[in-house]
Amino acid sequence: MHAKLLDTLRSATNQVSLHEIGRRLGASPDTVLSTIAQLSEKGYRFQETKDTIRLIDSPDIPFPWEFSSRESRIHYYKEIDSTMTEARKLASAGAPDFTVVIAETQGKGRGRLERKWVSSTGGLYFTIVLRPDIDPEQSFLINFLSSLVLSQVLSTLFHVDARVKWPNDILIHEKKVSGMISEMVLTGNRIDYVNLGIGVNVNNSPEEAFPHASSLKTFLGKPVSRVRLLGDFLDAFEARLKKGLVGREIISEWKKNTITLGRQVSVATTQELFVGTAVDVDDQGALLLKIFDGETKRIIYGDCFLNDRADDGLSA
Ligand code: BTN
């Protein structure tokens with residue numbers, strides 16, 4: 001009812017009569033009024049006369065009804081430990097493909113390599129439950145595709161130069177605005193689910209605590225719509241996934257949009273730290289790093305820090 005009512009009011013240029021809304025929604029004027037009262041409590045603002053209504057303003061909150069075609073698969077929380085934990089519970093209880101868990105803030109947000117992901121208000125924190133029909137060895141492509149698609153959506157929506165950094169970060173002017181992690185559960189040698197967790201610095205200000213991170217709000221000088229960003233990303237990512245995951249195509253497109261190649265980097269794996277030049281990313285998503293004795297290391301999992309940053313030369 002929330003989604004239908006909002007759609008009706010958003011497509012109207014003027015006041016709409018309660019009677020007309022009720023007719024379009026197949027609901028009584030009383031039901032329409034009580035839905036409006038519920039939405040007002042959530043921060044939506046309406047202009048009402050005796051028997052007409054107009055939507056004046058919507059809060060930028062990713063409530064499930066803001067994504068009408070996927071409403072039943074969206075789980076929204078004001079606060080949660082980690083969307084990864086909740087997504088795992090939902091996935092193991094049988095949640096369908098493309099179930100999305102969103103939180104305004106996370107008490108125990110998880111980053112890569114056992115790091116914490118600080119999740120302050122204004123950012124976008126979500127995990128998508130995916131049930132792809134692919135070999136487990138191909139699952140790395142999901143992360144490459146999602147960072148590629150998210151960087152494209154950011155560039156298109158906000159006219160910023162969003163680039164990918166190996167393996168799956170997104171940077172704008174060398175500052176991190178998004179990171180992702182994933183976890184895969186197999187049944188035998190088939191994928192049961194892959195949960196993809198994405199954090200985006202949208203209207204938060206991470207700069208003070210993390211000098212090599214920034215947000216869209218900082219770059220653009222004004223807050224931007226998280227609802228629009230999430231909706232556009234989910235639509236674009238789902239459409240690309242439906243086309244199938246072709247490794248060579250995804251990696252070649254990803255490479256055209258990366259800032260990693262040719263750069264002096266440090267790469268931390270769970271055990272070691274390598275320093276060298278990032279020379280290539282192969283079709284399995286591994287980073288080829290030419291270390292200083294001339295040897296080329298092939299690194300499958302790790303985190304990459306730019307050592308030749310344009311701004312201050314510190315790693316990040
Ligand atoms: C990284 O760059 O280290 C990855 C960060 C991933 C953070 C996201 S926020 C939503 C989801 N829930 C989590 O606990 N982590 C991921």
Side-chain angles (χ1 to χ4, degrees), residues 61-62 74-92 95 98-130 139-140 142-151 154 162-172 174-185 193-204 206-207 209-216 226 229-230 233-234 237 254 258-260 265-270 285 287 299 301-306 315-316:
I61 302 178
I74 302 250
H75 300 251
Y76 168 81
Y77 297 88
K78 216 166 157 24
E79 197 179 344
I80 204 170
D81 272 0
S82 163
T83 56
M84 296 306 284
T85 315
E86 185 58 23
R88 192 188 303 171
K89 280 188 209 151
L90 290 167
S92 48
F98 242 88
T99 294
V100 185
V101 181
I102 311 165
E104 289 293 334
T105 60
Q106 301 181 111
K108 291 186 186 150
R110 285 161 39 196
R112 301 178 79 249
L113 298 171
E114 310 290 316
R115 283 188 308 244
K116 192 172 153 54
W117 179 264
V118 176
S119 312
S120 49
T121 318
L124 197 50
Y125 314 107
F126 61 102
T127 298
I128 312 175
V129 177
L130 297 165
S139 65
F140 72 93
I142 292 175
N143 301 40
F144 278 85
L145 183 65
S146 64
S147 55
L148 175 66
V149 170
L150 182 55
S151 72
L154 291 174
R163 299 295 182 121
V164 286
K165 174 167 79 76
W166 188 87
N168 309 119
D169 288 349
I170 297 177
L171 276 65
I172 299 176
E174 312 223 330
K175 304 273 188 192
K176 180 159 168 170
V177 294
S178 171
M180 39 193 88
I181 49 174
S182 64
E183 60 187 34
M184 174 165 71
V185 170
Y193 60 85
V194 174
N195 284 350
L196 176 66
I198 303 180
V200 193
N201 296 323
V202 185
N203 297 326
N204 52 326
E207 298 79 1
F210 304 98
H212 295 306
S214 193
S215 71
L216 288 157
R226 295 179 310 150
L229 168 56
L230 182 58
F233 170 69
L234 293 175
F237 182 46
W254 185 95
T258 190
I259 57 155
T260 307
V265 297
S266 299
V267 182
T269 67
T270 42
L287 179 69
I299 303 171
Y301 186 78
D303 231 351
C304 170
F305 302 89
L306 301 173
S315 61

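Whatever order the structure lists ligands and atoms in, that order sets their numbers, starting from 1.
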**Message:** Could you check whether any side-chain heavy atom of F233 comes within less than 4.5 Å of a side-chain heavy atom of L124, counting everything from C-beta outward?
**Reply:** no
**Fill in**
Taking only non-hydrogen atoms of T83 and a 4.0 Å limit, the atoms of ligand 1 in range are 10 (C), 11 (C), 12 (N)
**Request:** Check the surroundings of atom NZ in K116: do more than 12 heavy atoms from other residues, nucleotides or ligands lie under 6.0 Å from it?
**Result:** yes
**Request:** May I ask you to identify, for M180, whether its side chain, its backbone, both or neither come under 4.0 Å of ligand 1 on a heavy-atom basis?
**Result:** backbone
**Fill in**
In ligand 1, the atoms that come under 4.0 Å of a heavy atom of S82 are 12 (N), 13 (C), 14 (O)
**Request:** Report the nearest protein non-hydrogen atom to atom 9 (S) of ligand 1: residue, atom name, distance rounded to 0.1 Å.
**Result:** Q106 NE2, 3.4 Å
**Asked** Hey, is the main chain of K108 close enough, under 3.5 Å, to the side chain of D81 for a donor-acceptor pair?
**Response** no
**Request:** Would you check the N or O atoms of Y125, main chain and side chain alike, for any that come under 3.5 Å of an N or O of ligand 1?
**Result:** no
**Request:** Would you please say whether a donor-acceptor pair under 3.5 Å links the side chains of E183 and Y193?
**Result:** no
**Asked** Where do L113 and G302 come nearest, in terms of heavy atoms and distance?
**Response** CD1-C, 4.4 Å
**Least distance between heavy atoms, S178 atom then V200 atom** = OG-CG2, 4.1 Å
**Request:** Can you label the angle between the F140 ring and the F144 ring as parallel, tilted or perpendicular, going by 30° and 60°?
**Result:** perpendicular
**Request:** May I ask you to list the atoms of ligand 1 that are less than 4.0 angstrom from any heavy atom of R115?
**Result:** 3 (O)
**Protein heavy-atom partner closest to atom 3 (O) of ligand 1 - residue, atom, separation in Å** = R112 N, 2.7 Å
**Request:** Can you sort out which atoms of ligand 1 are near T127, meaning under 4.0 Å from one of its heavy atoms?
**Result:** 11 (C)
**Prompt:** Quick one: does K108 get an N or O within less than 3.5 Å of an N or O on ligand 1?
**Reply:** no
**Prompt:** Atoms of ligand 1 less than 4.0 Å from R110 heavy atoms?
**Reply:** 5 (C), 6 (C), 7 (C), 13 (C), 14 (O), 15 (N), 16 (C)
**Asked** Looking at Q106 and S82, what are the two nearest heavy atoms and their distance?
**Response** OE1-CA, 3.4 Å
**Message:** Which residue and atom name correspond to the protein heavy atom nearest atom 5 (C) of ligand 1, and how close is it?
**Reply:** W117 CE3, 3.3 Å
**Prompt:** Looking only at distance, does K176 have an N or O less than 3.5 Å from an N or O of ligand 1?
**Reply:** yes
**Message:** If I compare all heavy atoms of I102 with all of T83, which pair ends up nearest, and what's the gap?
**Reply:** C-CG2, 4.1 Å
**Message:** Out of all atoms in ligand 1, which are within 4.0 Å of some heavy atom of G109? Include the element for each.
**Reply:** 14 (O)
**Request:** Heavy-atom distances under 4.0 Å are what count here, so tell me which part of L113 touches ligand 1: side chain, backbone, both or neither.
**Result:** neither
